[in-house]
Amino acid sequence: MESELEWNDEVREGVLKRLKLWQQCSNKAAGARVTELVEHLNTLGIALPSPELGELLVSQICFDNNHPWMWKFTHHALSSRLLFPLQILSLLASNAIPHRHSHPHSFALFLPLLSQHAFSFHPTPSLSCNRKIVSSVDSALRISETYKVRDLEIGHVFVLFFFEIVISLLDCMLIDWGFQVTFSEKSSLVAAGKGEDCMDIDRNVTQSFEKSEYREQIRKRNSFTALEVLDRLTESRKATILLQSVLLNMPEKFNCLQQRLQFLESLELASSELKLVNQVLTKVSANMRGVSHFDYCPSKHQLVGTLINMASCKIPLRCNYRFCQSPCWVPFDIYMENAMDSRQIPTKSAIDVLTEGIKTLQILNQASWQETFLALWLSALRLVQRERDPPEGPIPHLVARLCVLLCIVPLAIANVLRDASEHNLSSVQVSMESEYTHEMKSDDSMKLELMSSVQVLGHFSGLLCPPTLVIDAANQAARKAASFIYNSMNGKGESGSGIHANANTKAGGNLRHLIVEALIARNLMDTSVYFWPGYVSTSVLSLSDSSPLEKSPWSMFMEGTPLNNTLINSLSVTPASSLAEIEKLYYIALNGSDVERPAAAKILCGASLGHGWYIQEHVIHYVVKLLASPLPTSHAGSRSLLVDSMPMLCAVLRGASSVDTVHILSLHGVVPTVAAALLPLCEAFGSIKPTSNSTGDESSTTYMAFSLAFLFLIRLWKFCRPPLDLCITELGVAVGGLEYILSLHNHRVMYSQDKRKSNPNLPESASVKPVYIDSFPKLRALYCQYKSCVASALSGISTGNSIHQTANMILSMIYQKISKVGISSSNSSSPTSSNACSSLINSGDDAFQRPMLPAWEVLEALPFVLESILTACAHGRISSRELTTGLRDLVDFLPASLAAIIDYFSSEVTRGVWKQVPMNGTDWPSPAALLPSIELEIKDILTHVGVEVPICSSGGSPVTLPLPMAALVSLSITFKLDKSLEYMHAITGAALENCASGCPWPSMPIIGSLWAQKVRRWHHFIVVSGSRSVFRQNNESVAQLLRSCFTSFLGTLSVSTSKLSDECGVNGLLGNTITTPGAYPYVAPGFLFLRSCRNIHNVQYVNDIIVGLVTEYSNELAGRRSDAGSRHIKSNQSSLSLAAQSAKEVATLGASLLCAAGGMLLVQELYKETIPTWLLSSRDVKKNNDSVASYILEGYAMAYLLILSGSIIWGVGSKLPPGTFSRRSRTIEVHLDFLAEVMDKKISLSCNPITWKTYVCCFVGLMVSLAPVWIQEVRVDTLRKLACGLSRWDERELALSLLHRGGMAAMGALAELATVIECERMLNSS
């Protein structure tokens, strides 16, 4: 029965009458009176404890009614749970503390009551009763106002009540001792009595009593009693738990307590009276300081706790070089190598990814910043060295890898230093980003560790040897340092005794010199590093006073030399050295003469963009600005403004669309911005009708300008990706679609605008307006046509339609080229081809003129043209050679038509309705000359990486391909291998590989053989590319390759003759070089997996394989670390450490490969489906080591796999894009909900109980220690269930740590659990 329904004025008057009567006749013990009152209220049906009774009782024991018997009665009432201690103490505190001077007896009686009942917290099941208590406490202490908490719950109130009491007692003591203190915030209780002049009141009422020494003694004693009470309260474990909750969730409020602690510590020996209490002050201060040490410390007496300790800690060394080469840093290597795959254009900046990766791995590996930076440099150096002897082909090469080493990594480090600086400015003692805040050092300290890491690179001379491409640049950097040293010595008269170089140091520069220059250019280092011992060799120092070098072309340019051909060529092949040079070039490209503008654009997109590593981010910024704002400010005339800028834009588009440059743009994350800038160019150029067949300069024609922009756009939005990829969605739109890439751009614009509102001094970005496809009707119409073409076959068009007329004109042009004037339409199987062909018969001479139409109209009609000529070829009305000639003529006429050809043929190959045609050398090109050797080399590559699949060789049967596939590959081999045509080769190569995925297995070797015959120097590249195709739909081969990845990195599980385990670690996984030198190319299994994983159709299968391999390796590790014939891991510390570290390495590799293969999609699948299924299923496969140890390591490795994979994708911090943040919170909550349901006995598991318990404890422990921010995103009910389950397992510290990091919402659950644990402890002790 609810108390609020029974308590009324009559009950109140009856209780009040009894209390007054008992107070007057106090001959009976207070405890007996409490029993009488309980019986009376039970008779009336009043639910107990009662909030109304508490308010009535407090009103009778303060000020005029301050009778000792009532205080005793209150004490017994609290002990018997007749009253709520939280409510009573709050009401008493609001009266006793502010009026402690005028009523010292009340304060004296309040303090022992507080000491005994402060931690009593027993919420009732009645929600209305709890709400009354919350309202009563809030009215008394003003908690919602002081702590800015809107929706108070009883748990919040209890935690904040205790914190307020601690602050109030400290303020009371300091004020009563006569100290004039000014803290940032004062206790609301102490401030409430500030306006009352206690002495004046006493003087007016009872002046004689004021002079009583007895009362003055009570006041003095009260201050010391308050100190003793504070000591007793703060020394308890429960106090630490409650204060830690405030520390973690309200650090700014806890900072107020820190201010008081600092003041207390300064009081020692300050007063002779205080010397008596210095010892107690010291204890209180120590108790408070202990609150700040809140690291989760699992019990070292339990094996699970030992594993977490071993895996999350390492021995602190000055710099552990071996640790920097540990397998736990392999995520750096795998990400960097995966970023070199040109077929996948990432839409997120590699700088941002590495920034988060650096911070994440530093936390997960518990490394110093020096070790973290050194591991990062070593990974980047290995990336460059892997390119020493690559197979030649149309892929990014050394330039993109050097971009990572000398631009992306330094910029990522700069971001880390900036974030650390902002963190240090905004933090107040504690951050929730990580438990290990001691590593978030000052900016200067981190810079010193960065410098130290670069200095240590000198010990890795094998990785510093410069590739041929940068030998001159490295030597120039070394000469620059030598010249600086020489000038410094001569200018300052230094003796040089402190800068002698090592005589044994090899002369010339290396990659470390380039790294140093890249860091100096970004103010991450200064020139003092030039004086490092051995940095500059003696031979270079001896040349430092030689005659100056030839004048730089950039110096001539800055001095005003006109842009003639000689200077243009020199500037194009020489990187700029300063931002001023780039800015001057940009303004010439924007506002110069008609001759200067394209020349400046060409220079800007030359060596400065590709090799200008020290200022590359600025060059890219201005290139994008040119595309986004090409209109000169001084423009005059009536012609289209874009047409006048066409030569300059063509120069930018040609320079920016090369294979290496596009990859550099993608690494810098400007793909969405570039795509948004290309849309208006495509819309405008595609709408212009050419005035003649040629405008004189072919590179500046309208068609060419449109084709450069359109094909560039196609590559960026992945127009030619297979339809399967369109099924993956993110941000509500299809990944890879134009809508997705524009949504990324618009999100960045909105983010940039928000930042500029908060900080107007920020520079304006290249494109500051959102872009929507609906603003470009022509492009939107073609895009919709493309999507409908992918979804279904063409339905034909009616005669007389404008598209029909355009198609007829294009067909006339094509048939003119192939000299096929008249065709019979009687056997046509397509309405479109019938209409088109019949029109051709009656078209006359006008049909043979090239149509002068806007490019959009041509592209709109092309699908129907292609259907017509492909149907004609299928029915024998035109030959294969004529079809290829016609297609090539179409591309020559409008290069952008290549996109339409690819789209249409790709869709038709996927539909599989066209006949197979013989690749016999007569009808179609024959691959016979090289096909057997190509197939054999592909098989050798696969065998080398442990993949055994049957090669479907054609044998004696004719080699065939689907007609659209044959037409596309025949067209592709007609293109010249000219660098100026890279914009066409890039999209064609991707299209051929995508088309091959819709054909039988031999398709890729056939295509590769045809291209190998055309370009023999691409042979190795083609063979390696062909070996990837087997993994598209063959799950067994994927499983074999993944097993080889584990073997090459971790070693084999059993005795094997495989050479994969000869060199374990990163080099075994990814290789020292891309291909092993020799007659036949061999690649490392990890490299092959990274180049193949994004095209695996059943990518979810990768999760199952990786989880199985992690389980298998963990099981084997347990056997290796167990005593012979024992089921338990060896108990010594060394064996435990090795077991945990090995399991961690297994999980690290699995997580890295999983994230590379499927990114966020696979990680979500891992959390929501794979791991729950793994726990629910019983593994019937017989283990080699069926022991307790194997189950423990299984659970630990799987927990680390989950934590690391989530950390790689989402990071462990709180700063995330909105979409990523919501995905992370939903995914983690789903998984923790599953764990909570199991612990709540609502789901039954089939896995071993030891595995289950280890997995849960390790997963929660690692999340608490390494990713505490994740916990705040989970519902409190879920956290409460998990904490209760952990407490039942005797993992109380872990349960408390989990709730500690649950945020404000989990305060109530934390208080409840702390009370339960304290009660259990008291029962056990009794």
Side-chain angles (χ1 to χ4, degrees), residues 330 333-334 336-338 340-343 382-398 401 462 467 930-951 953 993 1001 1004-1005 1007-1009 1011-1012 1015-1032 1034 1036-1052 1056-1093 1095 1149 1153 1156:
V330 74
D333 294 87
I334 289 179
M336 291 180 186
E337 188 57 60
N338 195 38
M340 293 297 103
D341 186 357
S342 63
R343 297 165 306 133
R382 284 192 290 264
L383 180 77
V384 172
Q385 296 299 338
R386 215 171 284 131
E387 183 73 13
R388 281 208 162 271
D389 188 22
E392 185 176 348
I395 53 175
H397 285 302
L398 189 58
R401 293 173 183 262
L930 292 179
L931 182 58
S933 63
I934 293 288
E935 288 181 336
L936 180 61
E937 291 178 40
I938 289 175
K939 184 176 181 180
D940 288 344
I941 286 179
L942 296 175
T943 302
H944 177 73
V945 296
V947 177
E948 296 294 337
V949 293
I951 300 297
S953 177
E993 190 164 356
W1001 154 244
M1004 201 60 206
I1007 296 170
S1009 299
W1011 265 94
V1015 192
R1016 293 192 176 275
R1017 64 179 185 274
W1018 286 6
H1019 183 92
H1020 284 189
F1021 161 76
I1022 290 169
V1023 171
V1024 173
S1025 298
S1027 64
R1028 300 194 302 250
S1029 57
V1030 68
F1031 303 106
R1032 290 179 180 273
N1034 191 322
E1036 181 58 32
S1037 64
V1038 173
Q1040 293 174 359
L1041 182 60
L1042 279 169
R1043 178 173 292 277
S1044 296
C1045 290
F1046 275 73
T1047 300
S1048 62
F1049 186 72
L1050 301 165
T1052 183
S1056 172
T1057 58
S1058 172
K1059 295 183 179 180
L1060 293 176
S1061 57
D1062 290 349
E1063 183 179 11
C1064 296
V1066 174
N1067 288 336
L1069 178 69
L1070 300 176
N1072 293 302
T1073 60
I1074 291 180
T1075 60
T1076 303
Y1080 299 102
Y1082 292 106
V1083 295
F1087 179 87
L1088 186 58
F1089 177 78
L1090 293 180
R1091 292 298 181 269
S1092 310
C1093 60
N1095 292 323
L1149 175 63
L1153 295 176

| With side chains defined as the heavy atoms from C-beta onward, is the minimum distance between I941 and V947 less than 4.5 Å? | no
| remark: Rounding to 0.5 Å, atoms OG (S1044) and CG (L942) come to a distance of 10.0 Å
| field | Where G1068 and S1048 come nearest, the two heavy atoms and their spacing | value | O-CB, 3.3 Å
| message | I need the minimum non-hydrogen distance between S1027 and V1030, along with the two atoms involved. | response | O-CG1, 3.4 Å
| Side chains of D333 and L383: closer than 4.5 Å at any heavy-atom pair? | no
| query | Between the main-chain N or O of F1089 and the side-chain N or O of S1092, is there a donor-acceptor pair closer than 3.5 Å? | reply | no
| message | Rounded at 0.5 Å granularity, tell me how far CG in L1042 sits from SG in C1093. | response | 9.0 Å
| message | If I take atom OH from residue Y1082 and atom OG1 from residue T1073, how far apart are they, to the nearest 0.5 angstrom? | response | 13.5 Å
| task | Could you go through the side-chain contact (heavy atoms from CB on, under 4.5 Å) check for I1007 and I1022 one step at a time? | result | CA-CA 9 Å; I1007 296 170; I1022 290 169; over 6 Å; no
| field | Considering all heavy atoms, the nearest P1005-I938 contact | value | CG-CD1, 4.0 Å
| said: So E948 and E1036, do their side chains get closer than 4.5 Å, heavy atoms only? | reply: no
| query | Among L1050, V330, L1090, which one satisfies side chain to side chain contact (heavy atoms under 4.5 Å, CB included) with L1069? | reply | V330
| request: Mind listing the closest non-hydrogen atom pair of P1085 and L1041 along with its distance? | output: O-CD1, 3.7 Å
| task | Grab the two heavy atoms, one from C1064 and one from F1049, that are nearest each other, plus how far apart they are. | result | CB-O, 3.5 Å
| field | Approximate separation, where rounding is to 0.5 Å, of R1016 CZ and L930 CG | value | 5.5 Å
| Can you tell me how far the CZ atom of R1032 sits from the CE atom of M1004, to the nearest 0.5 Å? | 7.5 Å
| task | Please tell me if the side chains of M340 and R386 come closer than 4.5 Å, counting only heavy atoms from C-beta onward. | result | no
| Any side-chain heavy atom of E993 sitting closer than 4.5 Å to one from N1095? | yes
| request: With rounding to the nearest 0.5 Å, note down the distance linking CG in L1070 to CZ in R382. | output: 9.0 Å
| request: Search all heavy atoms of A1084 against all heavy atoms of G1071 and return the closest pair with its distance. | output: CB-N, 3.4 Å
